[in-house]
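Residue numbers begin at 1 in each chain, while the letters A, B, ... track the order of the sequences.
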Protein chains: 2
Amino acid sequence: MIQSVDRALQILEFLRKNPRGLGVTEISISLQVAKSTAHRLLMSLEEHGYVQKFGRESTYRLGLKFIEMNYTVTKNLNVLEIARPFIESLSKETGEIVHLVTLEGQEIIYIDKVENSSTIRIYSQIGRRGPLYCTAVGKSILAFLDEREAKKLVDKIEFARLTDYTLVNREALATELATIKKDKYSYDNQEHEMGIRCVGAPIFDHNGRPQYALSVTGPLDRMSDEILQHHIPLLKDTAKKISRSLGYIN
Amino acid sequence: MIQSVDRALQILEFLRKNPRGLGVTEISISLQVAKSTAHRLLMSLEEHGYVQKFGRESTYRLGLKFIEMNYTVTKNLNVLEIARPFIESLSKETGEIVHLVTLEGQEIIYIDKVENSSTIRIYSQIGRRGPLYCTAVGKSILAFLDEREAKKLVDKIEFARLTDYTLVNREALATELATIKKDKYSYDNQEHEMGIRCVGAPIFDHNGRPQYALSVTGPLDRMSDEILQHHIPLLKDTAKKISRSLGYIN
DNA sequence: CCCATGCGTTCCTCATTATGGAACGCCATT
DNA sequence: AATGGCGTTCCATAATGAGGAACGCATGGG
């Protein structure tokens, strides 16, 4: 790990967490380096567009370079292109929000979202991270990862009781993962957010790895057990079709 | 400029230009450094999620971290939120694609796009860069920047004849910029892409700077002079409304 | 009105730290 | 089985990034 690169990237992280901007001194304190060091790092980042000063403020914020980089990354994530039509249909058929996520480290990242009601998307979840243990998508992925990898991830989970319904111990989670593996879909019964219920299913890539997952999300009153009996087959079918499109056999 | 940080960010640039992935050796050659140096830089970037290896390939690509960073950046670019409803109306009224761009260095970056026909957006222009001298949005911004800054930018332009209609000399551009300043809107008559015609107008931020611009884009047959006589007042009005919402007085 | 404070910026010396070369191991290709 | 190309690891060296001190500027309080 190269010290100066690591510090530069740490700065980006600080700025991500402080989107209103940070000054040189604040950053030098957070990093525990001299002001001149922080200043030099910022100049390097600024040169490449990753941070910028706005107007005549002397605070730095994340730069527009990230919008450009995001363009390339999403353009080349072909799961997005492949999955798009499928998740649009699923959203239309269920009338609910559909999310597509990918496993990334010990969390999931939302990589696409479709809601049929409106075209607004700027403030969607896309790009947000979420936990594995209390989301339908996360549990679907965990349940279908090979045992060794799943164990590794489960061991690292730091459970937080986000709602009264959140599972907060490994035993309860293990039991549920077994059920998910049998049923081939997962629930999130207000475990992540009160009043919100989701059903999820894993998507397998051409290596047979449950790299992605799909979910249908809605408020409690529109996600009763009877209604879910309608949604779940559609969800499972969509996930299966996407997996097949990604080159997954069987 | 810190050498190692600069090199690390250069690697990201190489990967952006080679989205199919690059190996350690290829990168070390591009950077003109030892393989071990390239390797160490890549490990630092990988640690933070900015690059990653896919599957069992040994080539690196841009990482999903950029999706996460993009989320924060766009969320805090409040011009997007403010402009959204206006550009949606404009798209509905004109029936054409509407783009929102921001000035960034010597180019524009597309930061939002609305097309009323479909919800597809993944492969939109958002995040792409474009030139100042042959786009309606670019010319609108150039025309209204204060003289000193405009001159700086115009002097740096490297003209490329993208189509038969592209303006490729400073004199012709200067004449047109004067017209734009008088009319308060700009044309792109197939200057950037054959068969595509655009009209653009500047958006002023609270400092009175034409930081953003707006355009209506369509194929030649739907963008005749008569039709444009209908679109242009709507465009100018929309740009004015957004400017006012951003705090621009007068 | 002036001084104190806190900020960003610049400069220079020192030793920390990134560098490049060499050597290794792995894989695919012949 | 041998070769070439790749990613990876290690290590000594000196290049380079770090920190401290000093400056200039703005701000606000006495």
**Message:** Tell me the interatomic distance from A/M43, atom CE, to C/dT9, atom P, rounded to whole angstroms.
**Reply:** 8 Å
**Request:** Specify the separation, in whole Å, of atom CD of B/Q10 and atom C1' of C/dA18.
**Result:** 16 Å
**Request:** May I ask you to decide if the ring planes of B/F66 and A/Y50 are parallel, tilted or perpendicular, using 30° and 60° as cut-offs?
**Result:** tilted
**salt bridge (Lys or Arg N to Asp or Glu O under 4.0 Å) partner of B/E107, chosen from B/R128, B/K156, B/R129** = B/R129
**Prompt:** Considering only side-chain heavy atoms of B/V24, which listed nucleotide, C/dT10, D/dT8, C/dG21, is closest?
**Reply:** D/dT8
**Request:** Examine C/dG20: is either OP1 or OP2 under 4.0 Å from a nitrogen or oxygen in the side chain of B/T37? Give yes or no.
**Result:** yes
**Request:** For the side chain of B/I2, starting at C-beta, report the closest nucleotide among C/dG8, D/dT8, D/dG17.
**Result:** D/dG17
**Request:** With the side chain of B/K53 defined as its heavy atoms from C-beta on, choose the nearest nucleotide among D/dC10, C/dG8, D/dG7.
**Result:** D/dG7
**Asked** Which of these nucleotides, C/dT19, D/dG7, C/dG8, is closest to any side-chain atom of B/K35?
**Response** D/dG7
**Asked** Closer than 4.0 Å, any side-chain N/O of B/R7 to the OP1 or OP2 of C/dT19?
**Response** yes
**Asked** What integer distance in Å separates B/L22:CG from D/dG5:P?
**Response** 19 Å
**Request:** Could you state the atom-to-atom distance from CD1 of B/I11 to P of D/dG7 in whole Å?
**Result:** 12 Å
**Request:** Could you state the atom-to-atom distance from CD of B/Q32 to C1' of C/dT19 in whole Å?
**Result:** 15 Å
**Prompt:** So, is A/H39 close to the C/dG8 phosphate, meaning a side-chain N or O under 4.0 Å from OP1 or OP2?
**Reply:** no
**Prompt:** Given D/dG17, C/dA18, C/dC11, which nucleotide is nearest the side-chain atoms of A/Q3?
**Reply:** C/dA18
**Prompt:** Would you call the rings of A/F144 and A/F204 parallel, tilted or perpendicular, where under 30° means parallel and over 60° means perpendicular?
**Reply:** perpendicular
**Request:** Let me know the distance between CD1 of B/I27 and P of D/dC6, rounded to the nearest Å.
**Result:** 13 Å
**Asked** How is B/S36 classified with respect to the nucleic acid when contacts are heavy atoms under 4.0 Å: base, sugar-phosphate, or nothing?
**Response** base
**Message:** Strictly below 4.0 Å, N to O, side chains only: are A/D112 and A/R84 in salt-bridge contact?
**Reply:** yes
**Message:** Nearest to the A/Y60 side chain among D/dG20, C/dT9, D/dG7, which nucleotide is it?
**Reply:** C/dT9
**Message:** Whole angstroms only, please: what is the CG-P distance between A/L42 and C/dT10?
**Reply:** 13 Å
**Message:** Less than 4.0 angstrom from a charged side-chain N to a carboxylate O is my criterion; do B/E149 and B/K152 meet it?
**Reply:** no
**Request:** Name the residue closer to the 5' end of DNA chain C, choosing between A/M1 and A/R40 according to the nucleotide with the nearest heavy atom.
**Result:** A/R40
